[in-house]
Amino acid sequence: MKIADGRKTLATRADLKRLGINASNTTLLRWEARGLFPRRIRMAGTSVAWFMSEIEDWLAERAAERATWHYSDAS
């Protein structure tokens with residue numbers, strides 16, 4: 001998602017929670033280190049954010065994965 005002038009929008013931890021991504025900071029750091037989640041951007045001090053477009057792409061990948069992954073054979 002882009003703002004009208006072409007700049008990318010950012011997602012904060014609160015935005016991630018609103019999107020249903022309720023993973024702990026430690027889990028997010030592990031996922032990022034393994035390339036399983038978009039990398040954060042350090043804003044200032046301990047403030048971090050993520051590019052919203054990368055988060056949306058990640059969510060879309062999870063949705064596509066859900067369509068092909070079966071957790072059990074039970075109906």
Side-chain angles (χ1 to χ4, degrees):
M1 181 186 312
K2 293 191 179 207
I3 299 175
D5 67 1
R7 291 180 294 146
K8 290 188 175 188
T9 57
L10 298 175
T12 63
R13 284 281 290 146
D15 294 325
L16 294 183
K17 287 184 180 187
R18 276 192 292 277
L19 291 169
I21 304 168
N22 293 314
S24 70
N25 191 52
T26 301
T27 296
L28 290 175
L29 285 168
R30 286 182 191 142
W31 289 353
E32 289 174 33
R34 294 179 183 148
L36 301 174
F37 193 76
R39 298 214 35 196
R40 65 188 68 203
I41 301 162
R42 186 162 310 281
M43 303 303 289
T46 59
S47 297
V48 296
W50 293 261
F51 285 122
M52 182 62 87
S53 60
E54 292 178 358
I55 297 299
E56 290 170 340
D57 291 345
W58 182 82
L59 287 169
E61 290 169 8
R62 302 293 69 75
E65 185 178 88
R66 182 182 73 165
T68 60
W69 183 262
H70 299 283
Y71 291 100
S72 83
D73 293 329
S75 298

Mind jotting down which residue pairs meet the salt bridge (Lys or Arg N to Asp or Glu O under 4.0 Å) criterion with at least one end in residues 19-33? Sequence neighbours excluded, please.
Glu32-Arg40

Note, Leu59 side chain near Glu56 side chain (heavy atom, < 4.5 Å)
no

Quick one: are Leu16 and Leu28 in side-chain contact, heavy atoms under 4.5 Å?
yes

Apart from Met43 itself, what residues make up its hydrophobic cluster when side-chain heavy atoms of I, L, V, M, F, W and Y under 4.5 Å apart count as a link, directly or indirectly?
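Via sub-4.5 Å side-chain contacts, Met43 links to Leu10, Ile41, Phe51.
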
When clusters are formed by joining ILVMFWY residues with side-chain heavy atoms under 4.5 Å apart, either directly or through shared neighbours, do Leu29 and Ile21 land in the same one?
no

Please name all residues satisfying side chain to side chain contact (heavy atoms under 4.5 Å, CB included) with [X], sequence neighbours left out, ordered by chain then number.
X: Arg39; value: none
X: Ala60; value: none
X: Thr68; value: none
X: Asp57; value: none

About how many Å separate CZ of Arg13 and OG of Ser24, when rounded to the nearest 0.5 Å?
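The CZ atom of Arg13 is 7.5 Å from OG of Ser24, to the nearest 0.5 Å.
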
Measuring from atom CG of Leu36 to atom CZ of Arg62, what distance do you get when rounded to the nearest 0.5 angstrom?
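Interatomic distance, Leu36 CG to Arg62 CZ, rounded to 0.5 Å: 8.0 Å.
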
Determine the interplanar angle of the Phe37 and Trp50 rings, folded into 0 to 90°, and report it as parallel if under 30°, tilted if 30 to 60°, perpendicular if over 60°.
perpendicular

